[in-house]
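Step one of this worksheet: look at the structure below.
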Amino acid sequence: MSEPAHRYDAELANAIEPRWQDRWETEQTFRAPNPVGELAEPDHPRAGAPKKFVMDMFPYPSGAGLHVGHPLGYIATDAYSRYLRAAGYNVLHPLGMDAFGLPTEQYAVATGRQPAEITAENIERYRRQLRIVGMGYDNRRGFATTDPDYFKWTQWIFLQIFNSYYDTEADKARPIADLVAAFESGERPTPDGRPWAELSDVERRRIVDGHRLAYVTEAPVNWCPGLGTVLSNEEVTSEGRSERGNFPVYTRTMKQWMMRITAYADRLLTDLDALDWTESLKSMQRNWIGKSVGAYVDFATYAGDIRVFTTRPDTLFGATYMVLAPEHPLVDALTAEAWPAEVPAAWTGGHDTPAAAVASYRAQAAAKTDVERQADAKQKTGVFTGGYATNPVNGQTVPVFIADYVLAGYGTGAIMAVPAHDERDFDFAKAFEIPIVQVISDGTEWDRQAVLSSTAGTCVNSGFLDGLSVAEAKTGMIEWLVEHGRGEGATTFRLRDWLFSRQRYWGEPFPIVYDETGLPVALTEDQLPVELPEMDDFSPKTFDPEDADTAPEPPLGRAKDWVEVELDLGDGPRTYTRELNTMPNWAGSSWYELRYTDPKAAAVIADPANESYWMGPQDADDVGGVDLYIGGVEHAVLHLLYARFWQKVLFDLGYVSSREPFRRLFNQGYIQAYAYTDDRGVYVNAEEVEEESEGVYTYKGQKVNREYGKMGKSLKNVVTPDDICARYGADTFRVYEMSMGPLADSKPWETRAIVGSQRFLQRLWRNIVDEETGEVTVSEDEPTPETLREIHKTVAGVREDYEHLRMNTAVAKLITLNNHVTGLNPVPRAAAEALVVMVAPVAPHIAEELWERLGHEGGIAYVDFPEADERYLVEDTVTYPVQINGKVRGRIEIAADAGEDAVKAAALAEEKVAANLAGKDVKKVIVVAGRMVSIVAK
């Protein structure tokens, strides 16, 4: 039997969907009007309406293209945006591409092609795939971070950061010119007290550069010889290897650009409370920032004071040794010429002199990353420097060690060790035979076999602190330190300044040059953008992955004509040298939401009227930002911290109206996939695997093993949206992804299950269109009261589900309503049209087609979403389960407004209930209104 000529199947879907995609593109259906400027449209149907700004996290377009896991969040934001338009909002829903960075450069090096060419191809592939899926973006606002018109403004923001300092009194960034004016007037003294006018130009510049929010410094970095570049901590695995390429990573000190994000640590913490983010996500940021309140303590040595930070100044009497990071600047001065008498052998590391021990240990530490050094290793390592410090509170001499678990880049690079009350210090003291002194007691006897808790109790063995509680002792000790000039109360943060240099080619060039002094000079804004030179050989200089004693050689150094340049920066033509490093790919993604608001603006980053309309605070308590930002939890810390930092700098300088970039954030889950291996452990094509019985899978007749995880080419389980859309249609694909489960949860892809979504859409089509003739079959009759109740109940539920991103339950409610109207012959127009408008966010192509066939012009995008009529949401009857002695024995259906006595009478009269009560004495009948009846009988 042949298929009906007008059945909704893949062939019909693939005829309908491109036609509507063409129309959306031609008519720019999803454009969002701005208040002012080139994108202002006073006649747009949503001009002047309440706004919503909905964003996805930047995709990074790769040569492999999208698999079905990638569009999950995109489909959700698209459905949400379509719902909001129908609900009366002016919706900004754009998408750009994050295109600078290491993956493209590595591919370009491997293939001998230009990164720009590869990037353009990858972007086109992504855009084509997203179009197939039916995304409703405002394409006028799309861009790539590699577009000169875009990265001009990335460079411009860098200049604003470079030309700013943090005023701690005002608690905000201010122009560097204000700092210079304060030095000139004498309002702010110079570091050595000399008048500003007596300083040389270089001296002045060095002082100012030391205050900039973007600055160059010698810093410990993660050096990866195998990649030829330094990496941020977050680009290094817990095994101390590069995330890209799995090469060894070493700690080296190098000159690098840094961003002074630490100046904003308190504000980054405080403003978290005002954001509509999950508590788990906020906790991740709080932990990363790592605020600690305590005191600085100065331990005297013959080489100068060692300053430590401690959150437990109350335990200072228990400090019996100190540990410095191997890179600490006092190590060389403290290292003795010979071992002091009677030094335990464990302290020497087996070396004849302290200098030999320190040199050997430093070499070992340099071969580890910060991540490895902080790992909780069972074996504690370190060596004695041969030097001693003096505990300021009791005058006792304490040995000074170096150990790799203390990091130069964290805190002061030195710790005081209180082994009785810190597990790491306790283990180290046991291994090195160092005295252990209890200074906090809970009143019980200590067996000295394990570390003691110090969170509660009173001070012991602590001189003037004895008998005080922990809180009292902290206050008392800080007062003592200040009084005796040996310390001060302080707040510190785990957060480190942002390493902002990469020794790569494919990144944003810095808008910085160097003059004959070697100090950085900012380019003027009219010289932006600084574009990369065209290079035949842009591969980084890489080294033996195991050779830690190497240094980066940025590929831009080979572009001699580009590196040396003659410029007039305000004092006549001079020769300068360009910065050879490029910015990390985090740069372009740290501010892209702002450019979406006004991408055509030529003179400013965004017109203030447009920026404040889309992102500005809605009231005095609102921090502003994008109304909904969806992306993966893998960006919970870095990208979000960096973007928040840039936003706050721009806010301080008056360029934006909102303190935060993303008001509401939602992390979608992942679509994962089953993969299958044969008895050799070789992956087989997942599409060809069959389930013989429950838990038994075969490939070409041979039993295979199933595993669950990522999609990937190597696992032979990749499914592309192109293939699924060709086989079932884009709307079926969209409905399936939205119905798989809660958006926040990860779930397995199962191609065989997609037919359920296809059947739903086929049934929807049949309810409106005759499969044989193609004619619309709806009637003009009014729906029955029962159908009206179903419609309005669905409207209320689906509205709430869309609002809260519960796409899966919205689809379930639509299926229920669709099943109800399937039983109506013919379907009333009111039911059909309500159903089509509600389906449109998740299945827009079929909804557009059906809406047009129902006789409407202009498309469905701006058709008002149905409103629920409260009259139809009130149930006429209610069903009560009836329990006897805690067990359900029957059910009754009774008028919703029935009184308690009527409910009791109906429950006792119910046939099954009456049978179970025969011969029993009813002691009590309890009615829980609208929910249940409970009978107690003996």
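Quick note: residue numbers are just sequence positions, from 1.
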- prompt: Does a side chain donor of either Asn767 or Thr822 reach within less than 3.5 Å of an acceptor in the other side chain?
  reply: yes
- prompt: Would Thr809 and Asp801 count as having a side-chain donor-acceptor pair, cut-off 3.5 Å?
  reply: yes
- prompt: With distance as the sole test, does His804 use its side chain to make a donor-acceptor pair with the main-chain N or O of Arg806 at under 3.5 Å?
  reply: no
task: Could you give me the CA-CA distance, side-chain angles and deciding distance for Arg663 and Asp622, then say whether salt bridge (charged side-chain N to carboxylate O under 4.0 Å, His left out) is met?
output: CA-CA 8 Å; Arg663 178 187 284 109; Asp622 184 16; 2.7 Å; yes
His639-Ser590 side chain donor-acceptor pair, cut-off 3.5 Å: no
- prompt: Does any donor atom in the side chain of Glu833 or His856 lie under 3.5 Å from an acceptor atom in the other side chain?
  reply: yes
message: With no hydrogens and no angle check, just 3.5 Å: does a side-chain donor-acceptor pair link Trp506 and Asn585?
response: no
task: Taking atom types as modelled, find out whether His93 and Thr77 have a side-chain donor-acceptor pair closer than 3.5 angstrom.
output: yes
- prompt: Can you pull the side chain to side chain donor-acceptor pair (under 3.5 Å) pairs that have at least one residue in residues 840-852, sequence neighbours excluded?
  reply: Arg19-Glu849, Trp20-Glu849, Gln21-His845, Arg23-Glu852, Trp24-Glu848, Asp731-His845, Glu849-Arg853
task: Say whether Trp749 and Thr751, considering side chains only, have a donor N or O and an acceptor N or O under 3.5 Å apart.
output: yes
message: Using a 3.5 Å distance criterion without hydrogens, assess whether the side chain of Gln285 forms a donor-acceptor pair with backbone atoms of Ala636.
response: yes
message: Checking Tyr150 against Trp591: is there a side-chain donor and acceptor pair closer than 3.5 Å?
response: yes
query: Side chain of Asp627, backbone of Phe53: donor and acceptor closer than 3.5 Å?
result: yes
Donor-acceptor side-chain pairing of Arg727 and Asn14 below 3.5 angstrom: no
field: Check: Thr794 side chain, Leu817 main-chain N or O, donor-acceptor pair, under 3.5 Å
entry: no
- request: Go through the structure and list residues passing ring pair (Phe, Tyr, Trp, His ring centres under 6.0 Å) with Tyr74, not counting sequence neighbours.
  value: none
message: Less than 4.0 angstrom from a charged side-chain N to a carboxylate O is my criterion; do Arg31 and Asp138 meet it?
response: no
- prompt: Taking atom types as modelled, is there a side-chain donor on Glu771 or Tyr8 under 3.5 Å from an acceptor on the other?
  reply: no
N/O donor-acceptor pair under 3.5 Å between Ser746 side chain and Tyr670 backbone: yes
message: By the side chain to side chain donor-acceptor pair (under 3.5 Å) test, which pairs, at least two apart or in different chains, include something from residues 595-606?
response: Asp598-Asn610
- prompt: Under 3.5 Å, is there a donor-acceptor pair between the side chain of Asn90 and the main chain of Ala47?
  reply: no
